[in-house]
Each structure stands twice: as C-alpha cells, then as structure tokens.
There are 2 protein chains.
Amino acid sequence: MSQNPDMQAPADENIPTGEFGLIEWIRRRSASLPKVRLGIGDDAAEIDLSADSGSILVATDMLIEGRHFTLDSATPRQVGYKAMGVNLSDIAAMAGKPIAAFVSVALPRSHGIEIARELYLGLEDSAREHQVAIAGGDTNSWHGPLVCSVTIVGEPTPPRAVTRRGAKPGDHIFVTGPLGGSLRGRHLSPVPRIKEAQSIHRLMSIHAMIDISDGLTADLGHILEESGGLGAILDADSIPIHADAIFESARDGRTSLEHALGDGEDFELCFTVDPADSKRLRSESIEGFKPIPIGVIRPEPGIALGSADGSIRDITPKGFDHFQAK
Amino acid sequence: MSQNPDMQAPADENIPTGEFGLIEWIRRRSASLPKVRLGIGDDAAEIDLSADSGSILVATDMLIEGRHFTLDSATPRQVGYKAMGVNLSDIAAMAGKPIAAFVSVALPRSHGIEIARELYLGLEDSAREHQVAIAGGDTNSWHGPLVCSVTIVGEPTPPRAVTRRGAKPGDHIFVTGPLGGSLRGRHLSPVPRIKEAQSIHRLMSIHAMIDISDGLTADLGHILEESGGLGAILDADSIPIHADAIFESARDGRTSLEHALGDGEDFELCFTVDPADSKRLRSESIEGFKPIPIGVIRPEPGIALGSADGSIRDITPKGFDHFQAK
C-alpha cells in the first residue's frame with residue numbers, strides 16, 4: 001500500500017454533474033501524473049516510456065449496441081470495421097503511426113459466436129488496411145447487447161505528436177474531405193486519415209489537429225478552447241459539403257451547410273497551419289492529396305461564418321452530452 | 001487500401017465453435033504479425049516499438065454487470081478496484097512494470113454519474129497503490145447494465161518478459177499465496193503481485209508464470225500446454241489453503257483442497273524455476289516475501305496430486321468456457 005507522493009488522491013471530492021462535468025473531474029484528478037505527457041482531453045494519450053525509449057500514443061473507444069449502432073441497421077462486420085476505424089482516426093489526429101489493437105467484447109448469448117466472428121472480420125478488415133495487428137483482447141458473453149471496446153497503441157511520428165493545443169491567431173484552417181450526412185451510412189465505414197496526416201506532418205508544422213467526430217464546429221471548438229480561448233472565421237463557400245449532406249437537407253429541410261457544420265462522425269481531420277505553409281498546401285498536392293482551406297484562426301473567441309455577400313454571423317459550437325442526449 | 005503482404009487475411013474461414021474455438025480461431029489469424037512479439041494467449045501481449053525503443057506490454061479485461069459482479073453484492077467502488085486489479089495482475093504475471101491505464105465504461109442511465117464517480121475512485125485506489133496513471137478512456141451512458149473495460153500498458157523488466165511458455169521437466173512450481181474461496185468476497189479486492197514478481201525476476205530466471213484467475217489446476221494447465229505438453233505432480237499437503245476455502249468447504253461439503261485447486265479469482269501467481277533457484281527461494285525470503293513450493297514439472301502430460309500416504313491420483317484441469325457456463 002506504499003504511495004508515491006506524486007500520486008496522492010487530489011482533495012477535490014465534489015460530485016461532478018453531467019458528462020462533461022464528470023470528464024472534467026476525472027481530467028483534473030489525473031492531471032500532471034508522472035509518465036503522462038498528454039492525458040485525458042486529446043484524441044489520444046501520450047505516455048512516456050523508460051529513459052531513451054520515447055513515448056507511445058494510446059486511444060480507446062467503446063461502441064455500444066442501441067447507442068452507437070443497432071444490429072438492425074448495421075451488420076456485426078460493419079460494427080467491427082467502425083470500432084477499429086474510429087480508434088485509428090484518433091491516432092491519425094495526432095499524426096501518429098498505429099501499431100497494435102486490443103479488443104474487448106461483450107457478446108449477446110444468442111448467436112454470440114457468429115456475431116463475434118463477423119465482428120472480428122470487420123475489425124480485421126480495417127486493421128489490415130492500416131497495417132495494424134490485433135494483438136489481444138477479452139471475449140465475454142452475457143445476457144445483454146453487443147459492446148465492443150477497442151484500444152489502439154501507436155507511436156508519434158517526428159518531431160512530435162500533434163495535439164489540439166497549438167493553434168495561433170492568423171493560422172489557416174483545413175479539413176481533409178467533404179462533411180455532413182454521414183449517418184446515411186458513411187459513418188459505418190470511416191476512412192482514418194493516417195497516411196494523409198503523416199504526409200503533411202513530414203512537410204510542415206501542423207499547429208493543432210483533431211478528428212471530426214462530434215461535428216466540425218464542435219471539434220474546431222475543442223481546438224480553439226485548448227489553444228487558449230481563440231476563435232475562428234469560416235468561409236461558408238469553402239466548407240466542403242458531402243453529397244450525403246445534400247440528401248439529408250432534402251429530407252429534413254435544414255441546409256446542407258448546416259449538416260456539414262454540425263453533423264458528426266465524418267472522421268475527417270481538421271487542422272491549422274501558418275499562412276506560409278497554407279500557401280504550400282493550396283499550391284501543391286501532398287502525395288496526390290489536397291486538404292481544403294475553410295477559414296482562419298482569430299484571437300477573439302467564438303466561431304463566425306462569413307458569406308459571399310460579406311455578412312458574418314456567429315455560430316455556436318454544439319457539444320454533445322451523452323447524459324443529456326435522448 | 002494498400003496491403004502489407006505480411007498482413008493478408010489467412011485463408012481459414014471455418015466458423016469456430018465455443019469460446020475456446022473462437023479464441024483459438026482469432027489467435028491463429030493474428031499469429032506471426034509483424035511487431036507482435038507475443039500475441040493472444042498469454043496474460044499480456046508484448047509489442048515491439050520502432051528500432052531501439054524496446055517493447056511494451058498490454059493487458060485488457062472487461063468486467064460486466066450480471067456476469068462478473070452484481071451491484072447488489074458489490075459497490076461500484078469495489079468494481080473499479082477489481083477492474084484495475086485484474087489487469088495489473090496480468091502485467092504482474094509477465095514480471096512487468098505497469099505504467100498507465102485506459103478505462104472505457106458503459107454507464108446505466110439511472111445514477112450513472114454517481115456510479116461513474118465511485119467506479120473511478122475504486123479504479124484510482126488500485127492504480128495509486130501501484131503507481132499507475134489513469135491516462136485516458138471513453139465514458140458512455142446507455143439503457144443497459146454497467147460495463148467497464150480496462151487496458152493497461154506496461155514495460156517488461158530485464159532481461160525480458162516472463163511468459164507461460166518456458167517450464168521445463170524438473171522445474172519446481174511455486175505460488176505466491178493461499179488459494180480458494182475468493183468468491184466469499186476476496187475476489188473484489190485483488191492484490192496484484194507486481195512487486196513480488198519483479199523481485200523474484202531480478203534474482204533468478206523465472207521459467208514460466210501465470211496469474212491464477214481460472215483456478216490453480218486450470219492455470220497451471222495453461223503453463224503445461226504452452227510449454228509443449230508437459231505435466232505436473234502437486235503435493236497435496238503443500239498447497240496453501242486460504243481460510244475462505246475452509247469456510248466454503250463447511251458450506252458446500254467439497255474439501256478445502258478442492259476449493260484451493262479449482263476456485264478462480266485468487267490473483268496469486270503460479271510460476272516455475274529450476275531446482276537450484278527453488279532451493280534459494282525456499283531458504284531465504286525475497287524482500288520479506290516467501291513464495292510457496294507446491295510441486296514439480298514432469299515430462300508426461302496431465303496434473304497429478306500426491307498425498308502423504310504415497311498415493312498419486314490424476315486431477316483434470318478444469319477450464320471455463322464462457323459460452324457453456326450458465
């Protein structure tokens with residue numbers, strides 16, 4: 001029961017309220033622990049190894065039947081593919097290189113083996129595309145729905161892991177692909193931008209980066225907050241809109257731009273670079289790939305949307321509280 | 001969609017049957033992947049990092065309400081303590097040094113925040129005792145029961161990680177503490193033998209090691225199987241019997257020795273060393289700690305139990321198939 005003096009329990013025992021309150025409470029308690037170079041609050045954690053062994057990145061995400069998917073609308077193989085992909089996307093958001101994945105599952109007793117087999121094939125499909133090994137896990141069956149928790153271990157690429165924290169006023173903001181309407185089905189087959197992130201990271205300094213899981217304004221909002229309370233002006237005409245957003249717009253009457261700004265689970269990356277590097281990104285393709293400039297970072301907080309007619313209006317980043325959501 | 005030729009899907013697509021069939025099927029598919037020094041089938045996986053950065057150990061275990069615990073008989077804080085402890089025990093079984101833990105939870109909507117807070121305090125209690133940082137995770141709420149998945153990252157200690165594979169005929173078998181009856185309550189507060197394993201590992205070559213989660217005969221059976229189909233003779237009078245096994249014996253009429261041999265969730269370690277090192281372990285205490293010799297490894301498969309009257313009888317290692325268990 002010996003205790004390292006650095007690891008005493010913090011005195012703060014206030015009961016947190018709401019999910020963000022809970023996560024903030026956990027985050028405060030785990031802040032500044034030895035070995036944790038980057039802890040809770042970024043896409044992946046960065047952990048220091050023993051002297052001279054560098055660091056590793058670790059990302060973890062749990063998919064839950066009835067919450068993140070239903071087996072009526074997704075096959076177990078699609079669930080597996082997505083469970084691996086969303087974690088790979090978190091490693092991509094750090095410009096990291098994924099190495100190995102660990103999968104824990106709770107399987108429904110009915111058809112558990114068949115579900116497990118299909119789930120595993122889906123996990124493997126995604127892992128193989130990114131040269132990741134499934135190296136361990138825990139398999140259980142129970143009387144409940146399907147739960148699949150994936151943890152991925154990776155390494156930062158030189159010179160260091162990219163975080164959400166380094167955006168600067170004047171930076172240009174880019175995304176790696178068209179946005180919106182992913183719930184039409186695309187959310188089940190995320191394409192983690194691992195190679196693209198590494199290619200850009202090799203050529204220039206990415207100041208801040210995040211993957212778009214909660215929606216562009218929400219996730220850009222995380223960059224702005226973590227970078228010290230900055231703001232952004234987005235160019236409405238530059239936001240790349242996915243065809244799915246247009247279909248969704250026809251269905252529900254919201255504009256396709258609203259879908260592109262607000263919809264989650266695109267798993268594209270959003271990142272910022274300085275104006276000189278922005279110019280390079282706009283003038284040449286990076287290994288056949290061209291990210292899309294969508295706006296600039298400003299010192300004043302808040303996200304504003306500028307339109308071709310010269311009007312500018314504030315748009316509020318919408319968060320997602322799992323405990324409030326229906 | 002580029003594929004590394006080393007990572008093509010294996011051709012074997014037979015549908016596995018039963019949990020062991022499933023795990024074996026997964027294991028065959030993941031065998032000999034690059035970077036995986038030690039994959040599915042040991043207490044933890046060992047993953048190679050980039051050149052000169054050594055390797056890491058990763059263990060993962062999921063606890064499920066109604067399966068591994070009930071909130072009638074265990075507090076969320078106890079569940080958290082156990083969830084962390086069982087993973088630490090897997091790192092201990094490799095003589096590894098744990099570094100950081102990652103926790104994914106599915107929280108019941110009713111009292112979710114209160115459960116999360118208590119669960120987290122329990123996780124933290126155990127983590128702090130072993131200088132492990134909780135460095136990340138994923139928090140979700142849903143309409144189902146509590147699910148808590150923990151992944152721990154650690155490092156091997158010199159000269160290398162201890163596996164289940166190295167037992168040799170003539171080795172002496174040791175355990176680190178008394179066994180049996182843990183379901184009376186002790187299973188909720190596992191004491192992972194991290195320091196003890198490292199202390200012994202520093203002094204001598206541990207040939208094979210495992211933590212006792214499924215029961216002594218079942219887990220020793222894993223060592224024997226992984227070491228090439230060996231066997232063991234245990235000395236009935238040497239098996240250390242926990243007081244809980246005696247209480248259980250009085251309750252259900254099975255002998256306390258049966259409980260010590262068959263009950264799971266003791267989270268003591270079982271390991272083998274050569275006779276010369278066995279002599280050292282029996283004659284001197286290791287930093288105040290004395291493991292208990294219980295038998296020897298023999299070339300013939302099967303586990304036999306020798307009694308003081310000179311009789312020897314075969315005992316069958318009992319596995320535990322999650323898909324067969326009621």
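Sequence lines set the chain letters: A, B, ... in the order given, protein chains first and strands last, and positions in each chain run from 1.
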Does any heavy atom of chain A fall under 4.5 Å from the side chain of [X], the backbone, both, or neither of them?
{"X": "Val105(B)", "value": "backbone"}
{"X": "Glu46(B)", "value": "neither"}
{"X": "Asp125(B)", "value": "neither"}

Minimum side-chain heavy-atom gap [X]-[Y] below 4.5 Å:
{"X": "Val58(A)", "Y": "Thr151(B)", "value": "no"}
{"X": "Val147(B)", "Y": "Met62(A)", "value": "yes"}
{"X": "Ile47(A)", "Y": "Phe102(B)", "value": "yes"}

Are the side chain of Arg67(B) and the backbone of Ser141(A) linked by a donor-acceptor contact shorter than 3.5 Å?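 Side chain of Arg67(B) to backbone of Ser141(A), a donor-acceptor pair under 3.5 Å: yes, one is there.
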Under a 4.5 Å heavy-atom cutoff, which of [options] has the most pairs with chain A?
{"options": "Asp42(B), Thr60(B), Val153(B)", "answer": "Thr60(B)"}
{"options": "Ser149(B), Ala59(B), Ala100(B), Ala44(B)", "answer": "Ser149(B)"}
{"options": "Gly144(B), Gly154(B), Ala106(B)", "answer": "Ala106(B)"}

Taking every heavy-atom pair that is under 4.5 Å apart, which of Gly137(A), Gly136(A), Ser104(A), Pro145(A) has the most such pairs with chain B? Ser104(A)
To the nearest 0.5 Å, what is the distance between CG on Asp90(B) and CG on Asp138(A)?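 With rounding to 0.5 Å, CG (Asp90(B)) is 9.0 Å from CG (Asp138(A)).
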Evaluate the side chain to side chain contact (heavy atoms under 4.5 Å, CB included) criterion for residues Leu49(B) and Leu49(A): first the C-alpha distance (whole Å), next the side-chain angles of each, then the deciding distance (0.1 Å), finally the verdict. CA-CA 11 Å; Leu49(B) 300 175; Leu49(A) 300 176; 3.2 Å; yes
